[in-house]
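Naming: A, B, ... by sequence-line order, numbering from 1 per chain. Hydrogens, waters and symmetry mates play no part in the numbers below; they use all other heavy atoms, side chains included. The model shown is predicted, which means the values in this text are computed figures rather than measured ones.
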Number of protein chains: 2
Amino acid sequence: MLNLLKITTPAFLELLPPEVADQLIAASVLMKYSNGQLIHTRGSLKPGLSIVHKGGAHVGVNGIDGTFVMVAALGPGECFGEFTLFTQLPRTHDISSIGESQIYQLSQHKFDVLYQREPSISKALLKTTLMRTHVLLEMLDAIRRLPILERTAKVLLSMSYSLGGSNVLRGRQDELAFTLGVTRISLGKALKELSHLGLIETGYAKITIPDRVQLSDWVELNCGA
Amino acid sequence: MLNLLKITTPAFLELLPPEVADQLIAASVLMKYSNGQLIHTRGSLKPGLSIVHKGGAHVGVNGIDGTFVMVAALGPGECFGEFTLFTQLPRTHDISSIGESQIYQLSQHKFDVLYQREPSISKALLKTTLMRTHVLLEMLDAIRRLPILERTAKVLLSMSYSLGGSNVLRGRQDELAFTLGVTRISLGKALKELSHLGLIETGYAKITIPDRVQLSDWVELNCGA
DNA sequence: AACAAAATGATAAATATTTTACATTCCAAA
DNA sequence: TTTGGAATGTAAAATATTTATCATTTTGTT
């Protein structure tokens, strides 16, 4: 999936010792949602932590005009709503279900009790949050400093790291274009140039990275620092 | 200061109960740095938390070509280095002193001991980190979705919130331009238009917001969601 | 195998932004 | 109070990007 916050950030649940993860799950309610169903609404004041069990969750903002701007897509093990637990502020995003999803919902109170008892929870939360901050800073830096071609290469490289063994990124070009802050047309040109350079191969809703080392070298050489 | 991460984010130290803050300070070493002196280097593997006591700290990346790209400027009470405490990864930024600064340096070990004992530390850290993430997401969204004029207004409004009583933002236009991801020229045009609209007044290295409510209304109307 | 929907490719005109260059204004130090 | 550096203002040419269309390719479904 061509998705910003998924790059290199490990899932919250995986960072917890298994017995602590079990406790969190035991304290929460497993809710089921149909495709596209709204899970949380921007502005809502009810705090609580949510953890994806099955399926996924779209994080974004529904514009007044009916448009939906995606910020991230979260998969199994990933969490959202942490912001409401620590800031007493209203929710900043709309969250809706991707496919038939199952989400663990944990109330502020039950979370607090476990949080107090198990320091591994705060550690895991801090780790995911700090990784997210890091990815966001990198992205912001890329958008501000790098021309589209370099920006594209750098983000593709980052995304490739979260791929494990495979070297195929799946997702539409317009998704990636939005992540990079450009139009599909401009992204298309950049992708074409990168494939002329032999760094990637484009396909139907996928991008293949034949040689990650080669791409990495190019990024290092052309994107500075 | 026209600085991204300072917007609306409360300082770490201020979020701690005074007695916990005192313990953190007691466990750390107060180091002094001269103007521009390097405090930490990108790539360094030595973990530790730093808290600004006096002066400030530039966070950024020194390019191969000698350029320095600023990410944030931190002031008293604000912290950096958290990333190294939880990820076991090398430092991602160069940090140098603003003016004659004094920085509390806390080793990973001493931090861990206190962290285990005082849950308020993780709470404060999570709160600052989550607020930073939120600000970064807002900024990213603004850069991707909003034209320069709207983007400028929105960021000025955000910055105005961290101002307390005053309504004057101090800082150079080229700093703000970088934060917004545009050139000084483009920013100048946007500022001119905003002042024609009566929403701001520009001065020498400062921007005044005569009526924050008016600016807020305009942003709400023109920046969606 | 045919077809429709989805995704990409490609083009030119319109627009936005940067680059370059220089003028002007402001501030602080001598 | 002068003066030089720092910051802003302005304008035009060069470039980059978007918008608007339409053609082509791919995929999955009849």
Do the side-chain N or O atoms of A/Lys206 get closer than 4.0 angstrom to the phosphate oxygens (OP1, OP2) of C/dT8?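 For C/dT8, OP1/OP2 do not have a side-chain N/O of A/Lys206 under 4.0 Å.
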OP1 or OP2 of D/dA7 less than 4.0 angstrom from a side-chain nitrogen or oxygen of B/Thr202, does that happen here?
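False: B/Thr202 side-chain N/O out of range (4.0 Å or more) of D/dA7 OP1/OP2.
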key: Between C/dT8 (P) and A/Leu191 (CG): distance, integer Å   =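 Nearest whole value for this atom pair: 9 Å.
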- Nearest whole angstrom, please: distance from the C1' of C/dA10 to the CD of A/Gln173.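 Rounding to the nearest Å, CD of A/Gln173 and C1' of C/dA10 are 12 Å apart.
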Query - Residue pair B/Thr41 / B/Arg91, side-chain heavy-atom distance below 4.5 Å - result: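 Answer no - side chains too far apart.
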Side chain to side chain donor-acceptor pair (under 3.5 Å) contacts in which one or both residues fall within residues 43-53 of chain B, not counting sequence neighbours: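 Every side chain to side chain donor-acceptor pair (under 3.5 Å) pair that includes a residue of residues 43-53 of chain B, provided the two are not neighbours, is B/His40-B/Ser50, B/Ser50-B/Gln105, B/His53-B/Tyr104.
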Pairs touching residues 199-212 of chain A that satisfy side chain to side chain donor-acceptor pair (under 3.5 Å), sequence neighbours left out =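 For residues 199-212 of chain A: A/Ser160-A/Arg212.
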Listed partners of [X] passing side chain to side chain donor-acceptor pair (under 3.5 Å), at least two apart:
| X | value |
| --- | --- |
| A/Gln214 | none |
| B/Asp174 | B/Arg172 |
| A/Thr128 | none |
| B/Thr152 | none |

Item checked: Relative orientation of the end axes in the helix from C/dA1-D/dT30 to C/dA30-D/dT1, expressed as an angle to the nearest 10° (five pairs per end) ->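 One end's axis against the other's: 40°.
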Extract from the structure each pairing of a protein N or O with an N or O of nucleotides 28-30 of chain D at less than 3.5 Å, listing the distance.
none

List the atom pairs, donor and acceptor, that lie under 3.5 Å between side-chain atoms in residues 182-197 of chain B and the rest of the protein, sequence neighbours left out.
{"unit_1": "B/Thr183", "atom_1": "OG1", "unit_2": "B/Ser186", "atom_2": "N", "d": "3.3"}
{"unit_1": "B/Thr183", "atom_1": "OG1", "unit_2": "B/Ser186", "atom_2": "OG", "d": "3.1"}
{"unit_1": "B/Ser195", "atom_1": "OG", "unit_2": "B/Leu191", "atom_2": "O", "d": "3.3"}
{"unit_1": "B/Ser195", "atom_1": "OG", "unit_2": "B/Lys192", "atom_2": "O", "d": "2.9"}

For this session: Go through the structure and list residues passing side-chain contact (heavy atoms from CB on, under 4.5 Å) with B/Ala11, not counting sequence neighbours.
Result: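 Only B/Glu14, B/Glu78 meet the side-chain contact (heavy atoms from CB on, under 4.5 Å) criterion with B/Ala11.
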key: Under the salt bridge (charged side-chain N to carboxylate O under 4.0 Å, His left out) test, residues paired with B/Asp22 that sit two or more places apart   =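 If we apply the salt bridge (charged side-chain N to carboxylate O under 4.0 Å, His left out) test to B/Asp22, skipping adjacent residues, there are no hits.
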With B for base contact, S for sugar-phosphate-only contact and - for none (protein heavy atoms under 4.0 Å), nucleotides 12-26 of chain C reads -----SBBB-----B
